[in-house]
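For reference, the structure is listed below as structure tokens.
First the proteins, then the strands, lettered A, B, ... as listed; each starts at 1.
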Amino acid sequence: MPELPEVETVARGLQSSVAGRRILAVTLRKTDFIDDPAAIERELPGRQIARIERFGKFMLLQLATTPAQSPPASWPSENSPPVEPIAEALLVHLGMTGHLAPHFPEQPLTKHTHVTFVLDDGRELRYTDARRFGRMAYLTGAALASELERFGADPLLVTKEDFAQRIRSSRSRIKALLLDQSVLRGVGNIYADEALWKAKIHPAKIGARLAGQEVESLRKELRKILLKAIELRGSSISDFVDAGGVPGDYQQHHKVYGREGRNCFRCGTKIRRIIAAGRGSHFCPHCQPTPRGARRSRRGSSKKTKRNRPRATSNR
DNA sequence: CTCGATCCCTGGACGC
DNA sequence: TGCGTCCAGGGATCGA
């Protein structure tokens, strides 16, 4: 599942493989995960993909209106605005199962390819997403700025003070805080669990109750884990592969995620799994003791919901 | 403010 | 082999 390291991996791959290419045509299939499909069909053709970078779990494909062939020509003139931020971008969130990668046109479309961008070198940048938990949006100017403002600090860049402030001013559980994209952008379930294990903090501990050294330990360990995971090109759990189709290797370094019932690498205690912040949370009950006064996190016992699900398949 | 519950969606695992 | 059922999870949303 793509979290910060996986998205960073894909973004780097795309930056080296498709940056500078111009989009010639767009084909949309299912569109229920796209904010404004018509805007994409209308605005993207003719645009150059100037640069691809990660923002939280999003990829930002920055678009340029300048002709792809002649870069600065007569651009930096007297009255042209100074280095404006990002004026125009395609935001892509991979959700759980999203893939964005260049293909040769002769490669057959897979079942869940929903968006195709034809590039000016003959390749196609394809977005594939079986579960459609991803998101795609074309945004400009103020709308783009305000969208990006909704997100919190980048965990790789956040300062000690800023991180501490964000965590210790909240009465939420630390696991929920780590997953909250308006607190930190980019952390997901795997790396939250891994960082909490390394910092020896129980996922249900209240943010405001973390000791100063716990908070700083968490920040440092989270950062180290994310950097190591980027180095190994992410964790391939379900079907994650980078923009070149290569899986990551960090899953082999997981200490708690997906290890329920197995022995803690530090103390040998069996790893447990509870639901915190609505997500499976893996931890060592010995290394990460239940905080005093923690609300009991309820495990399924009283809910046996069987849901009925009438659904209309939206197609276009 | 914070929480859980629910929904979205499909593939994979598992039981029979 | 082939069903049915459950589960995974990021995020939006709603009600408690």
Side chains of E41(A) and Y138(A): is there a donor and an acceptor less than 3.5 Å apart?
no
Rounding to an integer number of Å, can you tell me how far D193(A) CG sits from dG10(C) C1'?
14 Å
Mind calculating the distance between CG (L178(A)) and P (dG11(C)) to the nearest angstrom?
13 Å
Less than 6.0 angstrom from the centroid, inside 45 degrees of the normal: does R266(A) satisfy that with respect to the ring of W197(A)?
yes
Just wondering, do F133(A) and dG10(C) stack (centres under 5.5 Å, planes under 30°)?
yes
Compute whether any side-chain donor of one residue and acceptor of the other, for D129(A) and H112(A), lie under 3.5 angstrom apart.
no
Could you tell me whether the phosphate oxygens of dG11(C), OP1 or OP2, come under 4.0 Å of any side-chain nitrogen or oxygen in R185(A)?
no
Verify whether the ring centers belonging to Y127(A) and H114(A) lie closer than 6.0 Å.
no
Give the nucleotide from the list dA8(C), dG4(B), dG11(C) with an atom nearest to the side chain of Q181(A).
dG11(C)
Report yes if a side-chain nitrogen or oxygen of K111(A) is closer than 4.0 Å to either non-bridging phosphate oxygen (OP1 or OP2) of dG11(B); otherwise report no.
yes
Using whole Å, report how far CZ of F33(A) lies from C1' of dC7(B).
19 Å
Please work out if G280(A) contacts a base, only the sugar-phosphate, or nothing of the nucleic acid, heavy-atom cut-off 4.0 Å.
sugar-phosphate
Centre-to-centre under 6.0 Å for F133(A) and F33(A), is that the case here?
no
Listed nucleotide nearest any side-chain atom of A176(A), set dC3(B), dT10(B), dT2(B):
dC3(B)
In whole angstroms, how far is the C1' atom of dC3(B) from the CD1 atom of I174(A)?
16 Å
Does the side chain of Y257(A) get closer than 4.0 angstrom to OP1 or OP2 of dA8(C) through an N or O atom?
no
Of the listed nucleotides dG9(C), dC3(B), dG11(B), the one nearest the side chain of S172(A)
dC3(B)
Identify which nucleotide among dG11(B), dG10(C), dA8(C) has an atom closest to any side-chain atom of H112(A), counting heavy atoms from C-beta outward.
dG11(B)
According to a hydrophobic-cluster definition based on side-chain heavy atoms being under 4.5 Å apart (Ile, Leu, Val, Met, Phe, Trp, Tyr only), do I49(A) and L100(A) belong together?
yes
Check this for me: R223(A), atom CZ, are more than 12 non-hydrogen atoms of other residues, nucleotides or ligands nearer than 6.0 Å?
no
Contacts under 3.5 Å, N or O only, protein and nucleotides 12-16 of chain C:
residue: dA12(C); atom: OP1; partner: R150(A); partner atom: NH2; Å: 3.2

What is the separation between atom CE on M96(A) and atom C1' on dC7(C), rounded to the nearest whole Å?
11 Å
If I take atom CD1 in residue I275(A) and atom P in nucleotide dG9(C), what distance separates them, rounded to the nearest angstrom?
7 Å
Can you check the R131(A) CZ to dC7(C) C1' distance for me, whole Å?
9 Å
Does dA8(C) have its OP1 or OP2 closer than 4.0 Å to a side-chain nitrogen or oxygen of R273(A)?
yes
Just checking, R259(A) and F265(A): is the charged tip under 6.0 Å from the six-membered ring centre and within 45° of the axis?
yes
From CG of L94(A) across to C1' of dG11(C) the rounded distance in Å is 14 Å
